[in-house]
Amino acid sequence: MIDLIFPDGSQRQYEDGATGRDVAASIAKSLEKRAVLIKLDGKLYDLDRALPSGGVFEILTRDAPEALDTIRHDASHVMAQAVQELFPGAQVTIGPAIEDGFYYDFARDTPFSLDDLAKIEQRMKEIVDRDEKIVREVWNRDEAIAHFKAIGEAYKAEIISDLPETEEISVYRQGAWKDLCLGPHLPSTKHVGKAFKLTKLAGAYWRGDHRNAQLQRIYGTAWASEADLEAYLTRVEEAEKRDHRKIGRAMDLFHLQEEAKGMIFWHPKGWTLFRTVENYIRRRLDAEGYQEVKTPQIMDRGLWDRSGHWEKFGANMFVCETPEGEELAVKPMNCPGHIQIFNVGQKSYRDLPLRLAEFGACHRYEPSGALHGIMRLRAFTQDDAHIFCREDQIEEETTKFVRLLNSVYSDFGVHLDSVKLALRPELRAGSDEVWDIAEDKLDRAARQAVNIKIDRLPGEGAFYGPKLEFHLRDAIGRTWQCGTLQLDFVLPERLDAEYTAEDGSKQRPVVLHRAVFGAVERFLGILIENHAGAFPLWLAPTQVVVATITSDADDYGMQVAQELRAAGLRVETDLRNEKINYKIREHSLAKAPVIAVVGRREAEEGKVALRRFGSDGQEILSLAQAAKTLALEALAPDVARRTTGAAAASPRDSVGAREAG
RNA sequence: GCCGGAUUAGCUCAGCUGGUAGAGCAGCGGUUUUGUAAACCGAAGGUCACGGGUUCGAGUCCUGUAUCCGGCACCA
């Protein structure tokens, strides 16, 4: 007998071998009809599978949030079935549920075309209408391998061969089609419903390795209801409007062109934004005891050889040769340069931690397919710094950095999506003891400073040390690594950095590579998408537009602009011979934070009518009052904290505490 | 780099099975002097990404290249 505890706390006993369906039926016939899955001690099982044990038990209907992943997973199976019916010879590989949907990877010589998607979608709907029972079977391992080989499913055979000996080989059948799968699945194809849509085609390497064959991946989205699907599609459409590439063009911030792919032409407004952000972080770094430096853009190959970059990173560096035969490389990062500065003269333990910062223009030869708007470039600016410190200072410096990062993100109104700790890779420098300490220190420091789960990424660290990655999310949900902190035991050694310790001995400092934005350009891309171009006053390239009603007010309008500029604001005038409605509309669409309307009345009274973005009311102030108010509002958050003397908001609580995403 | 797709006016886009390119907005010229989200009129604007091919004829079909977009790989 098995004991089940139901959500309401009641308990009941069932015969051994009872299935979820039996249980549902014992409660109510209507429940059995609606049931699609069961949850036993937190784990999902097929409705028709014999319960493996007793425990906390719950029957899930199709609209349960936990069922959504299974709907998506089943949608991927239905898609695979449709593909194999329509395209005999296409091999199945894997097809999981993912955020918002699913995909399935097929091995097929001829790639699918977009036209195929419509056909596959149609066939999927037919399979749903067939309402084929989904049945779980357990197979013998060797027979399963032999079987899948025999029917030409080499990938499936390979997957089974790679499963641990102890693993049960489960195969799910739906009609004449079957797939090796862990499950669980819905009782029949009908339950998948039709709220799905195939969205994109892509190549994808078998097992994520580019040395392997390239498979054909089909992505789809699936939902519990048509309404959810519609809502999702609308959401995606809305998000696409916030694309930084669109806004960048519409707001005249920057452009890119063929002759300089992966590099930005910043227009005046975009560069104003860039400078505002740069000035902000410069103030923060100054206040945190960093010292800004500037190092050469191009350096001799010899230095890159010694640093190890030539060997490890050479293929991604832009190199040039001079007529005199020198081999030079454009810097892909700033570390070797900073170490050169550290190495001049003598350093004492008293100088540590020494924090050298640089807005370093880095160039990297990125594969063409990697480029993406201003998020992934070939030329970008790191808000880079290297902290030279003793081993016992690592933790404190890391904590300080993470606190700074939190505070900065909070000031910009962006929220951490995730924090990752990349751990020792297979090929690495340094002993395991050193790695133990290093990983532990980063982990502890990060946990102390952010209130968010830290994902551990085994094997993803750099060969020279573990790293912390801080990821932000763009408009359509992709995440980008922005902030980073990397421990480095190797570079100081290779470039012979040393300091004199208290006992007079020469010691190697540890280097912390760290960046808050990562790349200023990428951070700006995130910022543009997060605000959809409607920047807070302190960031807006144009803060106030002075718009006149009639030409009578032109002189006064210019005077208003002048006074606001004198108060430190970025002001434009719109004296065009257009109706005020037209001007309001245009500047509202351009997301100007403040429109100062002036007509004859304001001119006579020495006033301005302020209209703020997102509201349709107006606020009438004297010119002097307006200048004062706006100037105060336009202060950068860090300056505002200093100026008003208010206690600095505790960013530690405000970032990270927010739910990710 | 790999797979799929796109590229037509400054921008957003239309252009059926091949017959010689079109709209809206913006810009320019004029009229209008206007009170909080689009005044009116006019003229102009194109090597249809670039190269090669098929054809009497190519924006449209084939092919090569470039860039961009969606993924994959990469992101030290």
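Per chain, numbering begins at 1; letters A, B, ... match sequence-line order. The structure displayed is predicted, hence computed values, not measured ones. Hydrogens, waters and symmetry mates play no part in the numbers below; they use all other heavy atoms, side chains included.
- Ring pair A/His244/A/Phe254 is tilted by interplanar angle, where 30° to 60° counts as tilted.
- Residues A/Thr548 and A/Asp574 are not in side-chain contact: their nearest non-hydrogen atoms beyond the backbone lie 4.5 Å or more apart.
- Here, B/A6 and B/A14 have their P atoms 12 Å apart, quoted to the whole Å.
- Within the 4.0 angstrom heavy-atom criterion, no nucleotide atom of any strand lies near A/Gly465.
- Atom CD of A/Glu259 is separated from atom C1' of B/C68 by 13 Å (rounded to the nearest Å).
- Residue contacts shown for A/Glu602 include a base, since a base heavy atom lies under 4.0 Å away.
- When the side-chain nitrogen and oxygen atoms of A/Arg245 are compared with OP1 and OP2 of B/C69, one or more of them lie within a distance under 4.0 Å.
- Among the heavy atoms of the strands lying under 4.0 Å from A/His372 are primed sugar atoms or P, OP1, OP2 only; no base atom is included.
- A/Met375 places its CE atom 11 Å from the P atom of B/C69, with the value rounded to the nearest Å.
- When distances are taken from the side chain of A/Arg585 to each of B/G4, B/A38, B/C68, the shortest belongs to B/A38.
- One N or O donor and one acceptor, one from the side chain of A/Arg376 and one from the base of B/C74, sit under 3.5 Å apart.
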Give the intermediate values and the outcome of ring pair (Phe, Tyr, Trp, His ring centres under 6.0 Å) for residues A/Phe463 and A/Phe489. CA-CA 10 Å; A/Phe463 75 97; A/Phe489 310 110; over 10 Å; no
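- Secondary-structure annotation of RNA chain B gives the stems B:1-7 with B:66-72, B:10-13 with B:22-25, B:28-31 with B:39-42, B:49-53 with B:61-65, with a stem taken as at least 3 successive Watson-Crick or G-U pairs whose two distances both fall under 3.5 Å.
- Residue A/Gly617 is classed as having no contact, given no heavy-atom separation below 4.0 Å to the nucleic acid.
- A/Glu578 comes within 4.0 angstrom of a nucleotide base, judged by non-hydrogen atoms across all strands.
- Atom P of nucleotide B/G35 and atom CD of A/Glu605 are separated by 17 Å, given to the nearest angstrom.
- A/Val544 pairs in a side chain to side chain contact (heavy atoms under 4.5 Å, CB included) with only one of the listed residues (A/Val560, A/Thr573, A/Val594), which is A/Val594.
- Nucleotide B/C74 holds its P atom 13 Å from the CD atom of A/Glu469, rounded to whole Å.
- Between A/Phe112 and the choices A/Tyr104, A/Phe87, A/Tyr219, the ring pair (Phe, Tyr, Trp, His ring centres under 6.0 Å) rule is met once, by A/Phe87.
- Among the nucleotides B/A37, B/G27, B/G4, the one closest to any side-chain atom of A/Arg576 is B/G27.
- Not a single donor-acceptor pair, N or O on each side, falls under 3.5 Å between the base of B/A73 and the side chain of A/Arg207.
- Note: CE (A/Met263) to P (B/U67) measures 12 Å, nearest angstrom.
- Going from the P atom of B/G24 to that of B/G19 covers 23 Å, rounded to whole Å.
- For A/Gln257, the CD atom counts as densely surrounded, since its 6.0 Å shell holds more than 12 non-hydrogen atoms of other residues, nucleotides or ligands.
- Ring geometry for A/His372 against A/Trp480 counts as tilted: the plane angle lies between 30° and 60°, on a 0 to 90° scale.
- When rounded to the nearest whole Å, the span between CG of A/Asp109 and C1' of B/C3 equals 14 Å.
- Residue contacts for A/Tyr103: at a heavy-atom cut-off of 4.0 Å it reaches no nucleic acid atom on any strand shown.
- Checking B/G70, B/G35, B/A37 against the side-chain heavy atoms of A/Ile580 singles out B/G35 as nearest.
- Here the C1' atom of nucleotide B/C75 and the CZ atom of A/Arg522 are 8 Å apart, to the nearest Å.
- A/Ala204 comes within 4.0 angstrom of sugar-phosphate atoms only, judged by non-hydrogen atoms across all strands, and of no base.
- One finds no side-chain N or O of A/Arg249 lying less than 4.0 angstrom from the OP1 or OP2 phosphate oxygen of B/G10.
- Within 3.5 Å, no donor on the side chain of A/Tyr205 pairs with an acceptor on the base of B/G71, nor the reverse.
- If you check every strand for non-hydrogen atoms under 4.0 Å, A/Lys579 touches a base.
- B/C72 and B/G10 have their P atoms separated by 35 Å, given to the nearest Å.
- Nearest to the side chain of A/Glu258, among B/G4, B/A66, B/G27, sits B/A66.
- When each of B/C3, B/C68, B/G5 is scored by its nearest atom to the side-chain atoms of A/Gln216, the top-ranked nucleotide is B/C3.
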Any chance you could lay out the ring pair (Phe, Tyr, Trp, His ring centres under 6.0 Å) test for A/Tyr155 and A/Trp206, step after step, and finish with the verdict? CA-CA 9 Å; A/Tyr155 291 91; A/Trp206 168 237; 4.7 Å; yes
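- Heavy atoms of A/Arg600 sit under 4.0 angstrom from at least one base atom.
- The nearest heavy atom of RNA chain B to A/Tyr365 and to A/His210 marks one nucleotide each, and the one closer to the 5' end goes with A/Tyr365.
- Counting non-hydrogen atoms under 4.0 angstrom, A/Pro367 reaches a base of the nucleic acid.
- In this structure, the nucleotide among B/C72, B/U36, B/C74 sitting nearest to the side chain of A/Glu366 is B/C74.
- Only the P atoms considered, B/U7 is 13 Å distant from B/U12, to the nearest whole Å.
- A/Glu586 places its CD atom 12 Å from the C1' atom of B/G27, with the value rounded to the nearest Å.
- A/Ile549 comes within contact range of at least one nucleobase, with a heavy-atom separation under 4.0 Å.
- The aromatic rings of A/Phe318 and A/His363 lie perpendicular to each other, with more than 60° between the two planes, well past the 30° mark.
- Nucleic acid contact class of A/Lys246 (heavy atoms, under 4.0 Å, all strands): none.
- Within 4.0 Å (heavy atoms only), A/Phe313 reaches at least one base atom of the nucleic acid.
- Both A/Asp616 and A/Asp243 lie close to RNA chain B; mapped to their nearest nucleotides by heavy-atom distance, the more 5′-ward contact belongs to A/Asp616.
- Using a 4.0 Å cut-off, no side-chain N or O of A/Tyr219 falls inside it from OP1 or OP2 of B/C3.
- B/U54 and B/C11 have their P atoms separated by 34 Å, with the value rounded to a whole Å.
- No contact: A/Ala250 has no heavy atom under 4.0 Å from any strand.
- Evaluated for a side chain to side chain contact (heavy atoms under 4.5 Å, CB included) with A/Arg207, the options A/Ile94, A/Thr93, A/Asp105, A/Asp162 yield exactly one hit, A/Asp162.
- With B/G4, B/U36, B/A73 as the choices, the nucleotide that has an atom nearest any side-chain atom of A/Ala609 turns out to be B/U36.
- The closest side-chain donor-acceptor pair between A/Gln486 and A/Tyr464 falls under 3.5 angstrom.
- On the C1' atoms, B/C16 is 10 Å away from B/U60, given to the nearest whole Å.
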